[in-house]
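For this chain, numbers begin at 1 and follow the sequence in order. We use all heavy atoms of the structure for the numbers below, so side chains are in, but hydrogens, waters and symmetry mates are not.
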Amino acid sequence: IIGRRRAFVIGLAIYATGSGLTAASWSVASLTLGWSILEGLGAALVLPALAALIAGNYEGKDRVTAYAIIGGVAGAGIAVGPIVGGWATTMVTWRIVFVGEVVLVLIILALVRYVSEAARDGRVPSLDVVGGALSATGLGLIVFGILQSSAWGLVHPVDPPFVIFGFSPVIFIIGGGVGLLYAFVRWSRRREVEGKDPLFRLDLLKIGTLRASLASLLSQNLVLMGIFFVIPLYLQLVLGLNALETGIRMLPVSVTMFIASAAGSRLIERYSVRRIIRTGFMVVVLACVLLMGAIEPTLSSLAFAGAMALLGVGMGLLASQLGRVVQSSVDASGRSEAGGLQYTSQQLGSAVGVALVGAVVIAGLTASFVSIVGDDERIPTEVVAAVTIETSDGAEMVAASELATALQDTDLDQGVQDALVEDYEEAQLQALRTGLLVSAIVAFMALMFTRELPYRRPEPGQPARTEKDEPSELGDEEARAESG
């Protein structure tokens, strides 16, 4: 509507405003406005525009390389963030991080003049305000419901602010979100019949390659953020590391992810997209298994660093391909829509990953703690019953030292207190391993979404083909780039 370059610039300006407000925030309300609302709005404009600008400014092998670099930098930034944030929090103040974001945006804005506007095909579309409201509210309700499921209960009420017919409100919130998404589909179809512009053309989802790459992106971010939920808990609450030390332990992910993303642009000359992405998911599964083995009371630095490095390799292989395949699945007129779908899938995957794995970890902690305490002969029956009652609404993930301090205010024998702390520490480790197991299962299940990705390296001038022997929608120039 306003042009991809202009959307990129406006989005950066909004994002910088939000970062500045966050850095200067004086209350929770100002922090929420700056960090959650303004930065979110800015990113929503920047990310799809960025994807479309890359597609419009690069062709053939250069486009392959550009998407690989962007994917690697974006993924590595997720891992570098904890180091920068950890240093700032430990040595200076968290506010300096957001000041740094403002400075970075100003530098980017100074360089935007070197970015050419991507060509536009056809007329300027109109904005579907109703469709945007329906889709955003529907997705928001679903994510909010998943986030609250661990605290309020999914169906059976745990500790919700209210109940509906004896059930937790979460199931109704999620159901309401699904209903709004259905209304969004009907609304979009109606606008198409009337010759009006929908928020995005639903027929885009009929493109097998696009559908497969979006599902893979959602799965990738779900797994990555799920793992990044578990690992800081292990390093900080179990091992007692500070924010900077935690960031340093996670550094191998950044290094190997960037290297693997850069290598992905070369691998496409020898291997098909589908093979690279499937390999990436299998490497992620292996990394999750190795991380499960590394979750111990004491840190094995070499084993942990190796598992994190392997995770970066898997994620880098995925990042090197998926963004490019999304944009290559459509023609120039659909790149903005494809970019929006791409980053919606990524953000949705991130939110669901944190919510899902977080709920699994908390539920696993509660179940493991009650089970371990019940089997511990050092703990009297009445204490076991009290623990069961106290954790009926869910146990909290806190440092074991905090539990030990709280138990000192009770009349329990020291031996029983020590036993409870030891059992809690064991339950923590088991819960964290369960979270990693769920991440591994999701990564493995994501393989089923790759069926419609290009499955063989095409001959020069020929489009890659999916397993159903349908065109992958890759343009001729990219087909030549993939064939080398």
Side-chain angles (χ1 to χ4, degrees), residues 142-175 226 229-240 292 295-297 352-439 441:
I142 292 173
V143 172
F144 177 73
I146 296 174
L147 285 170
Q148 293 300 122
S149 62
S150 59
W152 295 352
L154 180 59
V155 179
H156 177 73
V158 176
D159 189 24
F162 59 91
V163 296
I164 301 176
F165 304 122
F167 297 102
S168 168
V170 167
I171 192 66
F172 296 96
I173 292 173
I174 295 176
F229 177 86
V230 170
I231 298 303
L233 288 179
Y234 170 62
L235 294 175
Q236 293 183 302
L237 292 185
V238 176
L239 300 182
M292 288 170 62
I295 299 293
E296 296 291 345
V352 173
V354 172
L356 174 63
V357 175
V360 168
V361 168
I362 297 302
L365 175 65
T366 304
S368 296
F369 187 44
V370 172
S371 176
I372 295 170
V373 168
D375 294 336
D376 194 334
E377 297 180 353
R378 298 173 297 175
I379 301 178
T381 304
E382 59 272 18
V383 176
V384 173
V387 168
T388 303
I389 294 173
E390 288 294 324
T391 59
S392 60
D393 291 338
E396 294 184 20
M397 180 68 75
V398 298
S401 58
E402 292 186 29
L403 176 62
T405 300
L407 289 173
Q408 290 176 0
D409 296 331
T410 67
D411 56 358
L412 295 175
D413 294 337
Q414 188 61 47
V416 175
Q417 294 183 27
D418 294 340
L420 286 171
V421 173
E422 291 175 12
D423 291 346
Y424 182 74
E425 290 174 334
E426 184 179 348
Q428 280 184 320
L429 297 177
Q430 189 58 39
L432 295 173
R433 293 189 192 107
T434 303
L436 291 172
L437 177 61
V438 170
S439 298
I441 291 172

Can you tell me how far the CD atom of Glu425 sits from the CG atom of Leu403, to the nearest 0.5 Å? 9.0 Å
Could you give the distance from CG (Leu237) to OG (Ser401), rounded to the nearest 0.5 Å?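 Those atoms lie 9.0 Å apart.
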Show the nearest heavy-atom pair for residues [X] and [Y], with the distance to one decimal.
X	Y	result
Val398	Gln428	O-NE2, 2.6 Å
Gly358	Phe229	CA-CE2, 3.4 Å
Leu239	Pro297	CD2-O, 3.3 Å
Ala359	Ser149	CB-OG, 4.1 Å
Met397	Val361	CE-CG1, 3.6 Å
Val384	Gly374	CG1-CA, 3.9 Å

Quick one: are [X] and [Y] in side-chain contact, heavy atoms under 4.5 Å?
X	Y	answer
Phe162	Pro169	yes
Tyr424	Val373	no
Phe144	Val170	no
Val163	Pro160	yes
Thr388	Phe369	no
Met292	Leu437	yes
Leu432	Val238	yes

Going through the checks in order, is the side-chain contact (heavy atoms from CB on, under 4.5 Å) test met by Arg378 and Asp423? CA-CA 11 Å; Arg378 298 173 297 175; Asp423 291 346; 3.9 Å; yes
Would you confirm whether [X], through its side chain, and [Y], through its main-chain N or O, come within 3.5 Å as a donor-acceptor pair?
X	Y	value
Tyr234	Glu296	yes
Thr366	Ile362	yes
Ser371	Ser368	no

For residues 411-419, please give each side-chain donor-acceptor pair under 3.5 Å, one per line with the distance, not counting sequence neighbours.
| unit_1 | atom_1 | unit_2 | atom_2 | d |
| --- | --- | --- | --- | --- |
| Gln414 | NE2 | Asp418 | OD1 | 2.9 |
| Gln417 | NE2 | Leu407 | O | 3.3 |
| Gln417 | NE2 | Leu412 | O | 2.9 |

Return yes when atom CD of Glu396 has more than 12 non-hydrogen atoms of other residues, nucleotides or ligands closer than 6.0 Å, and no otherwise.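 Not buried by this count: 12 neighbours or fewer within 6.0 Å.
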